[in-house]
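Letters A, B, ... are given to chains in the order of the sequence lines, protein chains preceding strands, and every chain is numbered from 1.
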There are 2 protein chains.
Amino acid sequence: MSSTHLPSTVGLRVVAALAQYGTVSSAADALHLTQSAVSKQLKNIEALVGAPLFDRTSQGLSPTDVGMIYIEQARIALGALETAAVRVAALRRSQPAIRLHVLPILGDRWFMPRFSRFAELHPEIEVEFTTFAASDTVEEADAVFRFGDGNWPGWRADYFLGREVILIGAPQLIARGGGISSLDDIRHYPVLEHRQTPLRWSDFAQATHLNEFVPARINRFGYYSLVIRAAIGGQGLALVPRSLIHDELASGQLINPLGLGFTSPNCYWLTTPANRPLGAGLATLREWLLQEARQSEPMEVALLQETAS
Amino acid sequence: MSSTHLPSTVGLRVVAALAQYGTVSSAADALHLTQSAVSKQLKNIEALVGAPLFDRTSQGLSPTDVGMIYIEQARIALGALETAAVRVAALRRSQPAIRLHVLPILGDRWFMPRFSRFAELHPEIEVEFTTFAASDTVEEADAVFRFGDGNWPGWRADYFLGREVILIGAPQLIARGGGISSLDDIRHYPVLEHRQTPLRWSDFAQATHLNEFVPARINRFGYYSLVIRAAIGGQGLALVPRSLIHDELASGQLINPLGLGFTSPNCYWLTTPANRPLGAGLATLREWLLQEARQSEPMEVALLQETAS
DNA sequence: TCAACGATAGTCCGAAATGGAATAGCTACT
DNA sequence: AGTAGCTATTCCATTTCGGACTATCGTTGA
């Protein structure tokens with residue numbers, strides 16, 4: 001009612017994607033747009049808001065105070081549209097589809113590349129995804145990916161992936177800092193942290209007997225994709241589930257100095273409502289997901305033993 | 001993530017306005033668009049959703065099941081954008097504006113026509129409105145219009161208007177049904193009801209000693225504007241705060257048979273947080289609002305006495 | 001210091017969406 | 001029938017949007 005001009009929905013999606021990916025180019029990729037288009041959309045929205053939403057750095061974008069507020073509300077708006085679509089679809093379908101809520105990081109790094117295989121294998125099973133959905137809408141889903149220790153009252157949780165957390169950094173960063181030849185060397189490096197899982201570093205210090213670890217600097221990010229991006233950009237060391245960065249490790253963009261890592265109790269789980277019996281389609285999907293996850297973590301058993309010793 | 005195409009924001013606003021006003025034409029007026037544009041926007045959204053959102057009647061539009069769902073989410077999305085705007089504005093402004101949350105019906109029928117006078121009188125006081133905002137966002141407002149009995153813990157409530165509820169109907173409807181020459185005649189007519197205030201009719205029956213009142217038919221609406229519109233359209237009798245329909249009574253579009261009505265404990269209140277002290281601007285605004293409301297209800301004292309007798 | 005790289009911003013242009021005016025069609029009521 | 005009050009549709013001018021391309025800036029590495 002206040003402003004006569006409303007932002008465009010693609011603008012909102014651009015803002016959300018920028019917050020998630022941290023650069024115009026990668027956000028553009030994710031949205032199937034060009035860098036130019038995303039840049040212009042951002043410019044439009046900022047003109048409409050009347051203030052910059054992101055600080056421009058040479059590495060990419062980071063949200064301003066105003067941006068934080070706007071991003072949050074943009075997500076809510078997009079989430080509403082998403083749940084509208086899902087609910088309408090559910091209402092119209094005689095045979096309901098499976099509603100699966102995926103976390104952004106899993107969606108980008110694990111799910112989307114693989115899911116087409118499932119769709120080919122089981123074309124008869126319809127699956128709908130939500131990503132932005134608010135917590136109360138998540139309750140409606142038939143299966144929900146969650147991050148945590150596997151204990152959610154009312155939900156059955158199966159371990160999915162991400163138990164194996166490793167220390168990573170960009171090779172340039174590590175070279176610049178003098179290299180990591182012993183555990184203590186990591187004290188010299190800045191570290192990156194995911195805002196929602198702040199205990200990672202203390203867990204790591206405890207698991208590796210690294211006493212009184214006080215990082216040189218801590219940068220916090222709201223998304224794992226940003227942590228990974230920042231790590232690739234050489235902004236610091238990070239603790240990341242190995243499964244999420246197979247590609248970067250293989251290509252050498254990131255390295256795992258000394259093979260350091262630990263097994264975290266906090267990881268990704270596939271959860272299903274405990275009171276609701278699993279339908280046939282959901283059972284198939286669940287089996288497939290869990291098996292695919294096991295295959296994508298081939299080293300885990302070895303490492304579990306190693307860390308346990 | 002599911003649909004590649006997002007609805008446009010004006011489309012969302014169109015849907016919300018259609019739900020509120022019930023006809024394409026009046027929604028178009030409210031949005032400062034033409035009927036043609038609104039019709040096309042609706043068509044676009046429906047094509048995108050894949051199902052009609054409204055049933056077309058010769059009287060206007062009424063939401064379908066799918067429509068209800070979509071409307072709800074559209075409101076949430078618009079509300080998010082609104083709160084984004086308000087919060088950003090609050091953040092940027094050194095001297096904060098007064099944030100006032102108005103109910104749709106009051107905004108349309110009472111507030112907007114009058115508020116420009118206040119803006120002229122006190123140009124130094126900035127006021128921001130919210131309409132769509134969700135309940136948790138309402139808590140941030142400096143003043144909130146509410147409907148109820150004046151009892152909200154933590155809020156100071158001043159009576160605003162709407163205590164005087166009268167029976168109204170379109171003259172054609174009443175003529176068609178044989179006229180209303182005694183209280184009992186209203187049993188023959190269909191009645192209109194506001195979804196959120198379902199007790200009106202039983203309160204009315206009790207206040208007027210109309211025993212065992214079972215309406216011929218009940219039509220329920222989600223907005224008071226729809227109730228009023230339906231009453232004007234001759235769809236039934238309604239119980240409506242007199243202050244909201246002065247114009248229609250004066251023009252003869254609606255009549256108040258036998259002067260029937262009652263004083264309801266549920267009405268509109270202007271509420272302010274009890275713990276927060278009123279700033280000077282807010283105090284001025286509050287005084288002005290309450291005084292204007294008193295002036296727009298000149299007959300009330302007389303009627304109060306009448307009904308009490 | 002210079003060149004390469006990767007980042008964002010800006011310009012030009014064709015395509016698509018949008019909104020307004022006018023028109024056509026429909027239904028209910030007199 | 002005829003009218004009033006709706007919505008839907010068509011035509012058209014205008015605006016917006018997105019992609020290709022180019023400019024520019026900062027960082028990295030030889």
Side-chain angles (χ1 to χ4, degrees), chain A residues 4-15 17-18 21-29 31-48 52-63 170-177 226 229-230 232-235 253, chain B residues 4-15 17-18 21-48 52-63 170-177 226 229-230 232-236 253:
Chain A
T4 55
H5 291 294
L6 284 168
S8 72
T9 30
V10 301
L12 297 180
R13 202 149 60 156
V14 160
V15 168
L18 282 173
Y21 293 97
T23 79
V24 174
S25 322
S26 53
D29 282 351
L31 298 176
H32 303 291
L33 288 174
T34 53
Q35 173 263 329
S36 153
V38 169
S39 179
K40 278 183 285 191
Q41 283 287 355
L42 175 59
K43 188 185 163 195
N44 285 345
I45 295 258
E46 288 183 328
L48 188 127
L53 300 182
F54 294 89
D55 284 328
R56 272 71 166 177
T57 78
S58 64
Q59 310 276 337
L61 310 184
S62 69
Q172 312 94 308
L173 173 82
I174 293 173
R176 218 184 316 148
L226 292 184
R229 252 201 63 81
I232 294 173
Q235 293 184 39
Q253 285 185 285
Chain B
T4 54
H5 290 293
L6 284 168
S8 72
T9 31
V10 301
L12 297 180
R13 202 149 62 155
V14 160
V15 168
L18 283 173
Y21 292 97
T23 78
V24 174
S25 322
S26 53
D29 282 351
L31 298 176
H32 303 291
L33 288 174
T34 55
Q35 173 262 330
S36 150
V38 170
S39 179
K40 276 184 288 191
Q41 284 287 354
L42 175 58
K43 189 184 162 195
N44 285 345
I45 296 259
E46 288 184 328
L48 188 125
L53 300 182
F54 293 89
D55 285 328
R56 271 70 165 177
T57 78
S58 64
Q59 310 277 337
L61 310 183
S62 69
Q172 313 94 307
L173 173 82
I174 293 173
R176 216 185 317 147
L226 292 184
R229 254 201 63 81
I232 294 174
Q235 293 184 40
Q253 286 184 286

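A pairwise comparison of heavy atoms in Gln59(A) and Arg229(A) identifies O-NH2, 3.1 Å as the closest pair. Minimum heavy-atom separation, Leu18(A) to Phe54(A): CB-CZ, 3.7 Å. Between Pro171(A) and Gln253(A), the shortest heavy-atom distance links the atoms CD-O, 3.1 Å. Here the shortest heavy-atom pairing between Ser26(B) and Tyr21(B) reads OG-CB, 3.3 Å.
Summarising the geometry, the separation between NZ on Lys43(B) and C1' on dT10(D) is reported as 10 Å, rounded to the nearest angstrom. Distance Glu46(B) CD to dT7(D) P: 12 Å, rounded to the nearest Å. Put simply, CG on Leu6(B) is 17 Å from C1' on dT16(D), counting in whole angstrom units. In this structure, Gln41(B) places its CD atom 13 Å from C1' of dT16(D), rounding to the nearest Å. At whole-Å resolution of the value, CD1 in Ile45(B) and P in dT7(D) are 17 Å apart. Atoms CG (Leu48(A)) and C1' (dT16(D)) sit 14 Å apart, rounded to a whole Å. Atom CG of Leu61(B) is separated from atom P of dG5(D) by 17 Å (rounded to the nearest Å).
Proximity of Lys40(A) to Ser36(A): side-chain heavy atoms (C-beta onward) are separated by under 4.5 Å at one or more points. Side-chain contact check for Leu61(A) versus Leu42(A): some heavy-atom pair is nearer than 4.5 Å. Contact of the Ile45(A) side chain with the Val14(A) side chain is not registered, since no non-hydrogen atoms from C-beta on lie closer than 4.5 Å.
For the pair Ala37(A) and Val24(B), both in contact range of DNA chain D, the more 5′-proximal nearest nucleotide belongs to Val24(B).
Running 5' to 3' along DNA chain C, contacts with non-hydrogen atoms of chain B at under 4.0 Å begin and end at dT18(C) to dA28(C).
Taking only side-chain nitrogens and oxygens, Arg56(B) comes nearer than 4.0 Å to OP1 or OP2 of dA8(D). Within the structure, a side-chain polar atom (N or O) of Ser25(B) is placed less than 4.0 Å from OP1 or OP2 of dT7(D).
Contact annotation for Thr23(B): backbone-only contact, meaning every heavy-atom pair under 4.0 Å involves sugar-phosphate atoms and none involves a base.
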Along nucleotides 23-29 of chain D, 5' to 3', which nucleotides get a B, which get an S, and which get a -, given that the test is a protein heavy-atom distance under 4.0 Å?
-> ---SS-S
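The main-chain N or O of Pro7(B) is found under 3.5 Å from a side-chain atom of Thr9(A) such that the two form a donor-acceptor pair. Between the side chain of Ser25(A) and the backbone N or O of Gln35(A) there is no donor-acceptor pair closer than 3.5 Å.
When the nucleotides dG19(D), dT10(D), dT7(D) are ranked by their closest atom to the side chain of Lys40(B), dT10(D) comes out on top. The listed nucleotides are dG18(D), dC11(D), dC17(D); the one nearest the side chain of Asn44(A) is dC17(D).
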